[in-house]
Amino acid sequence: MIDTVHLLRVAAAWVSIVYAVCFGGVALVPGIREWFMQYALHATNVSVGENVMTLTTFVTGLIIWNIAAVLTVWLFAFLWNAFRRS
């Protein structure tokens with residue numbers, strides 16, 4: 001059995017750290033978004049919209065990404081614990 005509460009805490013911490021690093025990277029190097037879209041995602045001529053970097057966008061994004069991560073990890077733990085090993 002997976003300790004679901006512990007796993008959710010670790011996932012939330014991990015997502016928070018990665019999000020803060022990415023947000024900081026975009027704040028320090030604004031052109032990194034377009035570079036990532038073009039080279040890492042193999043997309044060409046993609047506009048990512050307006051570059052708005054505020055405390056509100058940071059906190060909102062952090063909350064949204066943590067909710068998505070917690071739901072995903074919870075589903076994984078639920079399914080892991082629901083299926084019995086043979």
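In what follows, every heavy atom counts, from backbone to side chain, and hydrogens, waters and symmetry copies are set aside.
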Is there a path of hydrophobic side-chain contacts, each under 4.5 Å between heavy atoms of I/L/V/M/F/W/Y residues, joining [Y] to [X]?
X   : Y   : answer
L28 : F23 : yes
L71 : L79 : no
W80 : V70 : yes
V73 : F83 : yes
I63 : F58 : yes

Handout entry: Side chain proximity check, L7 to F76, heavy atoms < 4.5 angstrom
Key = yes
Problem - Min side-chain heavy-atom separation Y19-N66 under 4.5 Å - result: no
Exercise for the section: Describe, in one word, how the ring planes of F78 and W74 are oriented to each other, choosing from parallel (under 30°), tilted (30 to 60°) and perpendicular (over 60°). Expected result: parallel
Over all atoms of both residues, closest heavy-atom pair of [X] and [Y]:
X   : Y   : value
L62 : S16 : CD1-CA, 3.7 Å
I32 : G25 : CG2-O, 4.2 Å
V26 : R33 : CG1-NE, 3.5 Å

Fill in the blank from the handout: Partner of V59 under side-chain contact (heavy atoms from CB on, under 4.5 Å), picked from T57, L55, T56, is L55
Handout entry: For H6, the option from L8, V10, I2, T4 that meets side-chain contact (heavy atoms from CB on, under 4.5 Å)
Key = V10
